[in-house]
Participant: 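Take this structure, written in structure tokens, and hold onto it; I'll ask about it next.
Just follow the structure's listing: the first ligand is 1, and inside any ligand the first atom is 1. Starting from 1, each residue takes its place in the sequence as its number. Small disclaimer: the values here were computed from a predicted structure and weren't measured.
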Amino acid sequence: MEKKIALITGATSGIGRASAITLAKMGFHIIATGRRTDRLEELGSEMPKGIDFLPLVFDVRDRETVMEILGNLPENWKNVDVLLNNAGNAHGMDPIQSGNMDDWDAMIDINVKGLLYVSKAIMPGMCERKSGMIINIGSIAGKEVYPNGNVYCGSKHAVDAITKGMRMDLNPFGIRVVAIHPGLVETEFSLVRFKGDSKRSETIYQGYEPLVAQDIADIIEFAVNRPAHVVLADIVVLPTAQASATLVKKDLK
Ligand code: NDP
Ligand code: 8X3
């Protein structure tokens with residue numbers, strides 16, 4: 001069988017990690033990226049038999065390194081079939097007037113510019129081969145805005161717009177561009193947003209059943225498995241208890 005390759009950013013945790021394992025089980029050879037080497041090693045140990053694994057450690061904010069590493073992939077890893085742009089986080093949740101500018105930089109640099117840098121390295125090969133799928137992880141925060149979500153919402157609205165732009169510009173090349181916009185998914189996301197405050201981050205997922213990373217990985221599997229003439233262009237997925245970015249039915253005792 002022809003070697004199929006998936007590149008997953010942010011594969012050290014949450015949605016990216018679950019998706020890497022799911023794609024590997026589907027038979028894709030896996031390029032997994034993130035900043036935490038130990039986590040990537042641990043992920044590598046979970047690959048099914050016969051699946052090749054290439055861990056790449058870099059910060060998606062580092063434009064030169066992204067282009068250096070992804071622009072010079074080993075010959076047998078060059079032809080990426082599926083790019084999952086997943087790396088990202090929220091940093092802080094403050095009113096805009098008291099927002100931390102380092103948090104703003106992190107969200108815009110990682111969620112928006114990081115996605116662009118990684119895509120810039122991979123898209124030319126897809127265009128040349130006239131095939132490929134790009135899956136961008138947006139958010140309900142890219143469809144709606146909520147109080148204190150300001151810059152995170154802005155970064156995910158940018159992902160939404162960039163995804164639509166990608167779909168248009170890559171249309172002549174037959175490249176499928178998918179956006180998945182999850183609501184509340186229980187991962188390390190809130191721990192990062194609240195800077196390691198586990199008590200605060202746990203409250204985000206209490207009193208209802210949130211999505212889990214595997215729910216998103218299952219959607220990715222479905223999207224990737226569609227026949228070549230079908231693209232799942234824009235998917236919003238919420239926990240049943242969530243009706244909008246701000247409305248969650250909680251049963252708190
Ligand atoms: P996690 O915190 O569990 O995972 C985030 C991943 O992104 C990690 O693997 C992390 O790797 C990687 N990452 C973060 N910053 C960088 C960076 N500068 N360079 C390289 N990699 C980076 O969160 P989720 O799995 O929940 O988040 C994945 C995506 O899903 C994000 O884009 C997020 O915005 C989105 N999302 C999440 C939702 C949720 O409720 N959880 C809902 C909607 C969307 P490392 O730290 O090792 O670099
Ligand atoms: C993560 C989900 O609701 O915190 O994108 O924005 S939310």
Participant: Quick check against the 3.5 Å criterion: does K249 have a side-chain atom that pairs as donor or acceptor with the backbone of A241?
Facilitator: no
Participant: Write down the atom of L184, the atom of Q242, and the distance for their closest heavy-atom approach.
Facilitator: N-OE1, 3.0 Å
Participant: Which heavy atom of the protein is the closest neighbour of atom 3 (O) of ligand 1, given with residue, atom name and distance?
Facilitator: S13 OG, 2.5 Å
Participant: Please check if the distance between the ring centroids of F58 and Y117 is under 6.0 Å.
Facilitator: no
Participant: Output the list of atoms in ligand 1 that are nearer than 4.0 Å to some heavy atom of A11, sorted by atom number.
Facilitator: 9 (O)
Participant: Check the hydrophobic clustering (I, L, V, M, F, W, Y; side-chain heavy atoms under 4.5 Å; chains of links allowed) and say if M123 and L70 are grouped together.
Facilitator: yes
Participant: Below 4.0 angstrom from a heavy atom of R193, which ligand 2 atoms are there? Numbered from 1 as shown, please.
Facilitator: 4 (O)
Participant: Could you find the nearest protein heavy atom to atom 43 (C) of ligand 1 and give me its residue, atom name and distance?
Facilitator: P182 O, 3.2 Å
Participant: Quick one: look up the protein heavy atom nearest atom 23 (O) of ligand 1 and list residue, atom name and how far away it is.
Facilitator: T187 OG1, 3.4 Å
Participant: Can you list the ligand 1 atoms lying under 4.0 Å from a non-hydrogen atom of D59?
Facilitator: 17 (C), 18 (N), 19 (N)
Participant: If you look at every heavy atom in M133 and A223, which pair is closest and at what distance?
Facilitator: CE-O, 3.4 Å
Participant: Select the closest option to atom 27 (O) of ligand 1 among P210, G88, G14, G183, judged by heavy-atom distance.
Facilitator: G88
Participant: Would you kindly specify which portion of K156 sits under 4.0 Å from ligand 2, judged on non-hydrogen atoms: side chain, backbone, both or neither?
Facilitator: neither
Participant: Using a 3.5 Å cut-off on N or O atoms only, is S139 in polar contact with ligand 1?
Facilitator: no
Participant: Check E186 against ligand 1 and report side chain, backbone, both or neither, counting heavy atoms closer than 4.0 Å.
Facilitator: neither
Participant: Which residue supplies the protein heavy atom nearest to atom 1 (C) of ligand 2, what is that atom called, and how far is it?
Facilitator: F189 CZ, 3.4 Å
Participant: So does E188 have more than 12 non-hydrogen atoms from other groups sitting under 6.0 Å from CD?
Facilitator: yes
Participant: Considering distance alone, does some N or O of Y205 sit under 3.5 Å from an N or O of ligand 1?
Facilitator: no
Participant: Looking at L184, which atoms of ligand 1 are within less than 4.0 Å of one of its heavy atoms?
Facilitator: 40 (O)
Participant: Would you say the side-chain atoms of T246 pair up with the backbone N or O of Y146, donor to acceptor, closer than 3.5 Å?
Facilitator: no
Participant: Report the C-alpha separation of D160 and K164 in whole Å, then their side-chain angles, then the decisive distance to 0.1 Å, and conclude whether the salt bridge (Lys or Arg N to Asp or Glu O under 4.0 Å) test is met.
Facilitator: CA-CA 6 Å; D160 189 35; K164 288 172 183 157; 3.3 Å; yes
Participant: Is there a polar contact, in the sense of an N or O pair closer than 3.5 Å, between Y146 and ligand 2?
Facilitator: yes
Participant: Please say whether V60 places an N or O atom under 3.5 Å from an N or O atom belonging to ligand 1.
Facilitator: yes
Participant: Quick one: look up the protein heavy atom nearest atom 3 (O) of ligand 2 and list residue, atom name and how far away it is.
Facilitator: I140 CG2, 3.8 Å
Participant: Does the R226 side chain pair with the main chain of F222, one donor and one acceptor, at a distance under 3.5 Å?
Facilitator: yes
Participant: For ligand 1, note which part of R39 has a heavy atom under 4.0 Å away: side chain, backbone, both or neither.
Facilitator: neither
Participant: Looking only at protein heavy atoms, identify the closest one to atom 11 (O) of ligand 1 and say how far it is in Å.
Facilitator: T12 OG1, 2.8 Å
Participant: Could you tell me the residue and atom name of the protein heavy atom closest to atom 15 (N) of ligand 1, and the distance to it rounded to 0.1 Å?
Facilitator: R35 NH2, 3.1 Å
Participant: Got a sec: does the NZ of K195 have more than 12 other heavy atoms crowding it under 6.0 Å?
Facilitator: yes
Participant: Decide if atom NZ of K78 counts as having more than 12 heavy atoms of other residues, nucleotides or ligands within a radius under 6.0 Å.
Facilitator: yes
Participant: Could you state whether L54 and I5 fall into the same hydrophobic cluster, counting links through intermediate Ile, Leu, Val, Met, Phe, Trp or Tyr residues with side-chain heavy atoms under 4.5 angstrom apart?
Facilitator: yes
Participant: Specify the protein heavy atom at minimum distance from atom 2 (O) of ligand 1: its residue, its atom name, and the distance to 0.1 Å.
Facilitator: N89 ND2, 3.0 Å
Participant: Going by the order shown, which atoms of ligand 1 are within less than 4.0 Å of some heavy atom of E188?
Facilitator: 2 (O), 3 (O)
Participant: Taking a hydrophobic cluster as the set of Ile, Leu, Val, Met, Phe, Trp and Tyr residues connected by side-chain heavy atoms closer than 4.5 Å, whether directly or through intermediates, do I69 and I110 fall within one such cluster?
Facilitator: yes
Participant: In terms of residue, atom name and distance, what is the protein heavy atom nearest to atom 41 (N) of ligand 1?
Facilitator: V185 O, 2.9 Å
Participant: Please report which non-hydrogen protein atom sits nearest to atom 2 (C) of ligand 2, along with the residue it belongs to and the distance in Å to one decimal place.
Facilitator: S139 OG, 3.8 Å
Participant: When you group the ILVMFWY residues by side-chain heavy-atom contacts below 4.5 Å and let the links chain together, are I137 and L238 in the same group?
Facilitator: no
Participant: For G138, state whether at least one heavy atom is located under 4.0 Å from any atom of ligand 1.
Facilitator: yes
Participant: Identify the protein heavy atom lying closest to atom 34 (O) of ligand 1, giving its residue, its atom name and the separation to 0.1 Å.
Facilitator: Y152 OH, 2.7 Å
Participant: With a cut-off of 4.0 Å, which atoms of ligand 2 are near a heavy atom of A141?
Facilitator: 6 (O)
Participant: So is H181 in contact with ligand 1, going by heavy-atom distances below 4.0 Å?
Facilitator: no
Participant: Run the salt-bridge test on D234 and K143 with the 4.0 Å N-O cut-off and return the result as yes or no.
Facilitator: yes
Participant: Considering only heavy atoms, does S190 approach ligand 1 within less than 4.0 Å through its side chain, its backbone, both, or neither?
Facilitator: neither
Participant: Quick check: does I140 get an N/O under 3.5 Å from an N/O on ligand 1?
Facilitator: no
Participant: Under a 4.0 Å N-O cut-off, is there an ion pair linking R36 with E42?
Facilitator: no
Participant: Go through the steps for N86 and S19 under the test side chain to side chain donor-acceptor pair (under 3.5 Å), then give the verdict.
Facilitator: CA-CA 10 Å; N86 163 78; S19 303; over 6 Å; no
Participant: Out of L56, I15, N86, I137, whose heavy atom sits nearest atom 32 (O) of ligand 1?
Facilitator: N86
